[in-house]
S.K.: 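Can you keep this structure in mind? I'll have questions shortly.
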Amino acid sequence: MKRAMLDKAAMAGLIGLAVAGCTPPAAPPAEPAPSQAAADGWTRPPTIQSVRRVSTGLVFAGQAQPGSRVVLRSESGPAHAASADAGGRFEIRMAVPADHLLLRPETQVGQDAAPSPDRLLIVAGAMGPVAILRAGGATRRLDAAPPLGAVDSDGRMRLVSGRTTPAGTAIAVQAGEATGTVTPDSRGLWSLMLRPSSAPDEIRVDGRSFVWPGEGAGQTVPQIERAGAGWRVIWRGPAGGRQTTWLPDGG
């Protein structure tokens with residue numbers, strides 16, 4: 001059964017461009033701090049916040065439960081791991097992959113493991129986008145991205161998203177004849193729900209035009225391919241639902 005892009009609570013916080021006069025979506029709630037998770041007695045998945053390139057490869061930084069072990073796993077090939085410090089901060093270093101790579105973050109505390117529903121995507125050996133794919137939510141780009149960072153679709157709804165100046169001015173979005181605006185949250189993140197479109201169509205964000213290339217017909221999952229002026233990723237979330245994520249070329 002295909003998982004909906006968002007649950008009912010999240011759906012209520014977003015707007016469809018076809019509905020006139022609606023208010024922008026509320027900012028997503030902040031994730032609990034690692035120390036809070038430890039105090040509550042449960043292990044939470046790690047949060048990857050940034051990536052940087054160094055002479056020896058790539059360094060991913062983020063937050064996890066203090067003292068835990070953070071692991072990035074692939075379906076095949078070696079895992080990459082590091083320990084979080086007393087403040088929950090961690091850095092995982094890895095060689096630049098030769099091709100595309102899809103990794104699953106995981107937190108380990110003793111015998112307990114908390115795999116993340118998200119996926120870390122590295123396209124074309126980090127020459128392409130680097131992003132966090134979120135099952136049922138908006139993709140978060142870690143690389144330099146244009147005003148439209150990603151389009152996520154489950155075939156029933158599309159979620160467009162990006163990142164700009166924190167608490168900046170409202171961003172104008174247009175898809176077909178429908179128009180709307182959305183205001184970035186305190187972190188500069190914004191997202192907006194659109195009607196589905198399996199065929200290519202134009203999406204304008206902040207005056208810049210992007211052409212959504214459609215869902216794609218490939219049956220292989222995961223599948224990472226060039227599509228229009230960007231990369232199309234077909235993948236499955238933890239519940240098995242097929243999702244398509246389109247990542248416009250950086251800029």
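As the structure is a prediction and not an experimental result, all values here were calculated from the model. FYI, the numbering just counts along the sequence from 1.
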S.K.: Checking the side chain of Arg242 only, and the main-chain atoms of Arg236 only, is there a donor and an acceptor separated by less than 3.5 Å?
M.R.: no
S.K.: State the OG1-CD1 distance between Thr164 and Ile171, to the nearest 0.5 angstrom.
M.R.: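 Those atoms lie 5.0 Å apart.
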S.K.: Given 3.5 Å as the limit, does a donor-acceptor pair link the side chain of Gln174 with the main chain of Gly176, or not?
M.R.: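 Checking the backbone N and O of Gly176 against the side chain of Gln174, a donor-acceptor pair under 3.5 Å is found.
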S.K.: Counting distance only, does the side-chain N/O of Arg158 pair as donor-acceptor with the main-chain N or O of Gly155 below 3.5 Å?
M.R.: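 Here the side-chain-to-backbone pair does not exist.
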S.K.: Check the side chains of Gln65 and Thr107 for a donor-acceptor pair under 3.5 angstrom, ignoring hydrogens and angles.
M.R.: no
S.K.: I need the Arg119 CZ to Ser74 OG distance, nearest 0.5 Å.
M.R.: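 Between Arg119 CZ and Ser74 OG, I get 11.5 Å after rounding to 0.5 Å.
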S.K.: Can a donor-acceptor pair be found, under 3.5 Å and without considering hydrogens, that links the side chain of Arg195 to the backbone of Ala175?
M.R.: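 The answer is no, because no donor-acceptor pair under 3.5 Å joins these two groups.
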S.K.: Are the side chain of Ser191 and the backbone of Ala138 linked by a donor-acceptor contact shorter than 3.5 Å?
M.R.: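 Looks like no, no N/O pair under 3.5 Å.
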S.K.: Looking at Pro147, is its backbone amide N or carbonyl O close enough to the side chain of Asp206 to form a donor-acceptor pair, meaning the two atoms are under 3.5 Å apart?
M.R.: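 Judged by distance alone, no pair lies under 3.5 Å.
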S.K.: Could you tell me whether Asp249 and Arg226 make a salt bridge, using a distance below 4.0 angstrom between a side-chain N and a carboxylate O?
M.R.: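 Judged by the 4.0 Å cut-off on N to carboxylate O distance, Asp249 and Arg226 do form a salt bridge.
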S.K.: Determine all donor-acceptor pairs shorter than 3.5 Å in which one atom belongs to a side chain in residues 93-105; sequence neighbours excluded.
M.R.:
residue : atom : partner : partner atom : Å
His100  : ND1  : Ala124  : N            : 2.9

S.K.: Just grab all the ring-ring contact (aromatic ring centres under 6.0 Å, His included) pairs involving residues 190-213, residues at least two apart or on different chains.
M.R.: none
S.K.: Regarding Thr139 and Asp152, do their side chains bring together a donor and an acceptor under 3.5 Å, going by distance alone?
M.R.: yes
S.K.: Test of understanding: with side chain to side chain contact (heavy atoms under 4.5 Å, CB included), list the residues that count as partners of Arg140, not counting sequence neighbours.
M.R.: Thr47, Ile132, Leu142
S.K.: Any chain of hydrophobic side-chain contacts (each under 4.5 Å) joining Val205 to Leu192?
M.R.: yes
